[in-house]
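Just so you know, ligand 1 is whichever comes first in the structure, and atom 1 is the first atom listed for that ligand. Just so we're clear, the structure is a prediction, and the values are computed from it rather than from any experiment.
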Amino acid sequence: MRYAILSDIHGNLEALEAVLLQIENASIDYIICLGDVVGYGPNPNECIELIKQKAKIILAGNHDYAPIGRIDTSFFNAYAKAAIRWTGEVLTEENMAFLAGLPLQYKEGEVHFVHATPHKPEQWDYIFYVDDAIQQFLSFSDRVCFVGHSHSPVIFSELKRQEYHVLNETAFCLEAGVRYIINVGSVGQPRDLNPNSAYAVYDTDTGHYHLHRTEYDIVKTQMKMRAVGLPNFLIARLQIGQ
Ligand code: ZN
């Protein structure tokens, strides 16, 4: 099985279209979306409608539950709050109902998919460091868990519950006997100082993992954001990937 794994689209239609175009030629079996389809970007409805057509599985992110009032947003920063308020105003009723029905995690064979963390995904914790990953490895038994949420691609590996590493490979083969937590980065708002959209392809037969980066029309997205009055901070960060 060859999956394309997309996360954190955040209403950025130009980024999503560019990634989907690249995936079309990559002999993928199907697309799995790890959530945060909306929030921050200017095209939440269009992104929902497009990813609904293309992905087999779509999971919920915190930004998908926020505009429908499903989670407490008091911990969000002012920019995120402003974007959530705007997103909640423009979402169609049909799309709100769609977001409300998204599940938190999905499992297939030896592969686990979740937006934030396999342990209590509804807490929306982050896996930034090895210590965060060690706790998470205890909470799932699959060979690999794919996550999003931090918008920064990274790989954590675990050997026999005692040896842990951080890897920054963009292409490698999963080793036998080693377990992994892999963050696939963000399609619509990368934060690893690379503004190009990130997404991953994973082949369960060969164990091969590849993180891809795709250029998209950032200026066009920024113009749309400006036109609807989204915060300048959110517009500027797309350019630098931060
Ligand atoms: Zn996100």
Side-chain angles (χ1 to χ4, degrees), residues 5-16 19 31-48 50-51 55 57-68 70-88 91 95 98-99 102-106 113-118 120-128 132 136 145-154 181-200 211 213-214 216 218 221 225 230-231 233-242:
I5 307 160
L6 280 59
S7 193
D8 297 274
I9 297 162
H10 283 294
N12 187 335
L13 185 62
E14 286 68 37
L16 177 59
V19 164
I31 295 171
I32 294 192
C33 173
L34 303 184
D36 277 6
V37 178
V38 306
Y40 298 133
N43 290 110
N45 287 306
E46 295 81 355
C47 285
I48 290 174
L50 183 55
I51 197 69
I57 300 292
I58 303 173
L59 301 178
N62 49 331
H63 284 259
D64 301 316
Y65 281 172
I68 58 172
R70 188 127 165 211
I71 58 170
D72 176 13
T73 55
S74 57
F75 297 104
F76 282 68
N77 66 49
Y79 307 111
K81 274 185 192 158
I84 285 162
R85 206 176 311 118
W86 179 83
T87 303
L91 278 174
N95 286 336
F98 175 76
L99 293 178
L102 295 179
L104 285 168
Q105 49 191 333
Y106 176 69
F113 301 91
V114 66
H115 180 71
T117 58
K120 296 194 176 173
E122 71 283 0
Q123 287 188 358
W124 313 110
D125 292 327
Y126 289 89
I127 310 172
F128 287 124
D132 306 327
Q136 296 298 331
C145 178
F146 288 101
V147 301
H149 196 38
S150 75
H151 299 205
S152 288
V154 64
I181 294 173
I182 301 181
N183 190 311
V184 298
S186 167
V187 170
Q189 195 202 72
R191 294 180 193 160
D192 59 338
L193 301 178
N194 177 348
N196 295 335
S197 295
Y199 72 94
L211 182 79
R213 303 305 290 247
T214 309
Y216 72 95
I218 293 177
T221 306
M225 291 174 79
L230 284 160
F233 171 79
L234 298 179
I235 297 171
R237 72 188 305 177
L238 293 182
Q239 199 83 46
I240 45 174
Q242 194 174 30

Legend entry - Check: Asp64 side chain, Val37 main-chain N or O, donor-acceptor pair, under 3.5 Å: yes

Legend entry - Qualifying residue, where the test is side chain to side chain contact (heavy atoms under 4.5 Å, CB included) with Asn183 and the options are Val154, Leu211, Asp192: Val154

Legend entry - Residue list, ring pair (Phe, Tyr, Trp, His ring centres under 6.0 Å) with Phe76, at least two apart or on another chain: His63

Inset, instruction - Answer yes or no: is there an ion pair linking Arg191 with Asp8, defined by an N-O contact shorter than 4.0 Å? - result: no

Legend entry - Heavy-atom pair with the smallest gap, counting every atom of Leu230 and Ile235: O-CD1, 3.5 Å

Inset, instruction - Please work out whether the ring planes of His151 and Tyr40 are parallel, tilted or perpendicular, with thresholds of 30° and 60°. - result: perpendicular

Inset, instruction - Take the Zn ion (ligand 1) as the centre and count protein N, O or S atoms at distances under 2.8 Å. - result: 4

